[in-house]
Amino acid sequence: MRVHPRSHRGVRALTPSVALGREGDAVVAVSLDEGAVRERVADAADGRGLAAWVSQREARDRPRWVWSDTASWYPRLLEHGVRVERCDDLRLRHRILHHAVTSDAPAHPWDAAPLDAEPAAAPALFEVAPRADESALDDLAATVAEWRAQQELGARAIDPGRMRLLLAAESAGALVAAEMRAAGIPWDARRHDELLTAALGARRAGGLPVRMDEAAAQVREALGDPRASLDSPPKLLRALRSVGVFVDSTSKWELRQHDHPVVAPLLEYKRMARLLAANGWGWLDEWVHEGRFRPVYIPGGVVTGRWASSGGGALQIPRSLREAVRADPGWRIVSADVAQLEPRVLAAMARDERMARAAAGADLYEGVVASGAVSTRAEAKSAVLGAMYGATQGDAGRLVPRLRKVFPDAMELVDAAARTGEDGGVVRTWLGRTSPAPEEAWRQLQSEASGAEASAALVAGARRTARDRGRFTRNFIVQGSAAEWSLAWLADLRLRLTALGAVSEGEAAAASGPAFARRPHLAFFLHDEVLVHTPEAYAEDVATAIRAAADSAGRLLFGEFPIDFPLDVHIERSAAK
DNA sequence: GGAAACGGCGCG
DNA sequence: AAAGCGCGCCGTTTCC
């Protein structure tokens, strides 16, 4: 029986806000609430002094730290083992607020108030990319001014309550991203090497791995050209045509449709070449050090609000290599992913009760079959994805209309988003992230095509780009709202894990490494899945926390609307020895 | 000779 | 040469 940790949601009358910024050669803190109490923190170059001061203040009253940019402030703290509970990342918030308040977005069914379209004064200093002068961004006066401007912008959002949630979730995500980079993904380089050898054959200096070489030889044999180039699409295309394989590209989906002796070995070669180039031994040498892969996560890096990553292809690790992720001895990896997150979010956003009923089980697609819309799970999946992506042709295009009959509310929501996009408007996610407005060139094309003189080709081209944009906005509201659910899940889980780890403080003190990495901690996040690295003793508690966080996220976004977010949770064994 | 575009493919 | 969204990265080709 374990003593239950102190709740991480303890009621606090007031969370103080404390801005950190540079003033000359010093870092200075200012209380933003009342009295504007100022305190010199440390020399700007003194990371240890900064961390010590923040740590002390964090312990005292856990303020909300207001800083220009988590990616530039927080790693310095983490380096010295100091974590903070919450922050306002002004740079990330700026991007959301600026778009939200200055856009000409038409009202949505869930909007609480008409949009105030008066353009906001937005200091160029906080524009997201690229930053010319890093030190200017950290300036204390600029930080405080930006924070005050953001308080006003936030109050002018269409739904200030939802906007507050979104801004808080975005900033919490920034903390998670920095912490996950600091902690790294436990990566078993030996296992990775074994997997590569099994897939590609033995590694050979100055040449291709054995099995790749063999596949290449088979391809060249079938092409009747011992020197055929396999890595150059144009040359390969010509070689294929010369032996009667009349393809229009060398992509695998097209090759697969041909029955020729070259096809099988070529597909095998391409599969191996891809693995070698993207995640081969070179990748291992470059990205895995001391048993950790440390990708750079970029919160809000995708227009929809999803995260992007930079370096190491963290968001594209092939499934076949996931086995190389191994907990440290005595630890466990707890993995969890959400089943069909996006259609569930769509059902909840649209308040579509019939679609929610179809989602009631663990498998939404089976629920769609049970609704009578389609007859197989494969059809259900194709139709649902097609509905969210805007399919018009093929199987999906044929099936989508059936969904319209069964789930009219959900379908009307995405159809309306598509119409808005085609007309050049902007759309918003559930919590209020606004899609980018169309480029001037796009507007220009549409207006030229609507003129009396417009050629048929011009009209057709304009129509096509309008449809392209419609598919983008259609998907934006779903992908972006799903990303918000995920952020809420992540933020809530982060606090639950901290609370869990707090009870193990004593035993953890003996271990080595940064304090936060000795507790259960997030190690990886990819759109709708997480990995938590945890001491073995907490594995079950972590699994429970992950589920509880998913329930919280669902309620936070969608209240009592009857939608659930079933998870696939696994506790994985650690590396042998 | 280097930057940008392209084809291709991994992930959700 | 995807149909049907969003990414990052690789090797090659094309452009300047």
Side-chain angles (χ1 to χ4, degrees), chain A residues 199 208 229-238 240 245-258 266-267 269-280 282-283 286-287 295-322 337-343 345-346 381-400 403 414 417-418 421 427 429 433 435-436 464 467-483 485-486 524-530 568:
Chain A
L208 295 177
S229 167
L230 308 190
D231 300 318
S232 159
K235 289 177 188 159
L236 181 57
L237 192 61
R238 281 194 292 274
L240 286 165
V245 180
F246 296 107
V247 283
D248 292 314
S249 82
T250 65
S251 60
K252 65 177 183 184
W253 70 265
E254 193 175 5
L255 286 169
R256 255 198 308 254
Q257 300 170 9
H258 288 78
L266 179 54
L267 290 177
Y269 175 85
K270 286 164 78 79
R271 193 174 45 76
M272 293 191 285
R274 161 76 193 190
L275 180 62
L276 179 67
N279 297 97
W283 181 92
E286 185 177 353
W287 292 102
V296 176
Y297 300 92
I298 305 177
V302 178
V303 280
T304 57
R306 273 187 174 185
W307 290 13
S309 73
S310 164
L315 273 42
Q316 305 129 253
I317 301 295
R319 284 270 162 201
S320 63
L321 286 181
R322 295 287 177 96
D337 67 271
V338 197
Q340 305 105 24
L341 174 60
E342 292 189 352
V345 165
L346 171 57
K381 184 171 180 177
S382 180
V384 168
L385 291 177
M388 296 187 304
Y389 294 163
T392 57
Q393 295 182 20
D395 274 1
R398 188 169 46 77
L399 294 168
V400 168
L403 247 38
V414 285
V427 295
T429 59
R433 192 186 305 262
S435 70
R464 189 169 40 74
R467 289 240 159 84
D468 289 348
R469 187 155 192 283
R471 286 194 304 277
F472 167 66
T473 50
R474 169 191 294 273
N475 186 247
F476 182 94
I477 62 167
V478 181
Q479 186 184 118
S481 301
W485 183 92
S486 293
F524 186 62
F525 167 60
L526 177 56
H527 308 320
D528 62 358
E529 61 182 90
V530 296
D568 213 0

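Treat the numbers as computed from the prediction; the structure is a model and nothing was measured. Naming: A, B, ... by sequence-line order, numbering from 1 per chain.
One finds no side-chain N or O of S310(A) lying less than 4.0 angstrom from the OP1 or OP2 phosphate oxygen of dG8(C).
Going from atom CG of L276(A) over to atom C1' of dC9(C) covers 14 Å, rounded to whole Å. One interatomic measurement links the two molecules: CG of L230(A) to C1' of dG11(C), which rounds to 13 Å at whole-angstrom precision. Put simply, CE on M388(A) is 17 Å from P on dA3(C), counting in whole angstrom units. Distance NE2 (H527(A)) to P (dG8(C)): 10 Å, rounded to an integer number of Å. Between the CZ atom of R469(A) and the P atom of dG6(C) there is a distance of 11 Å, rounded to whole Å. dG8(C) atom C1' lies 14 Å from atom OH of Y297(A), rounded to whole Å. Between L403(A) atom CG and dG4(C) atom C1' there is a gap of 14 Å when expressed in whole angstrom units. Atom CH2 of W485(A) is separated from atom P of dG12(B) by 16 Å (rounded to the nearest Å).
Within 6.0 Å of NZ on K270(A) lie more than 12 heavy atoms contributed by other residues, nucleotides or ligands.
Residues Y269(A) and D231(A) meet the side-chain proximity criterion, which asks for heavy atoms closer than 4.5 Å. Looking only at side-chain heavy atoms (C-beta outward), L266(A) and L236(A) come within less than 4.5 Å of each other.
Salt bridge R306(A)/E342(A): present, at least one basic N to carboxylate O contact under 4.0 Å.
You'll find that the side chain of E254(A) is closest to dA1(C), out of dG4(C), dG6(C), dA1(C). Side-chain proximity of A308(A) to dC5(C), dG12(B), dC7(C): nearest is dC7(C).
Of all nucleotides present, none satisfies the Watson-Crick or G-U wobble test against dG4(C) with each distance under 3.5 Å.
L385(A) comes within 4.0 angstrom of no nucleic acid atom, judged by non-hydrogen atoms across all strands. Within the nucleic acid shown, G311(A) comes within 4.0 Å of sugar-phosphate atoms alone, with no base atom in reach, counting heavy atoms only.
Comparing V303(A) and Q257(A) against DNA chain C, the residue whose closest nucleotide sits nearer the 5' end is Q257(A).
The aromatic rings of W307(A) and F525(A) sit perpendicular, their planes meeting at an angle over 60°, well past the 30° parallel limit.
The shortest non-hydrogen separation linking R474(A) to A418(A) is NH2-CB, 3.6 Å.
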Nucleotides 3-10 of chain B: protein proximity per nucleotide (B base, S sugar-phosphate only, - neither; heavy atom, under 4.0 Å): ----SBBB
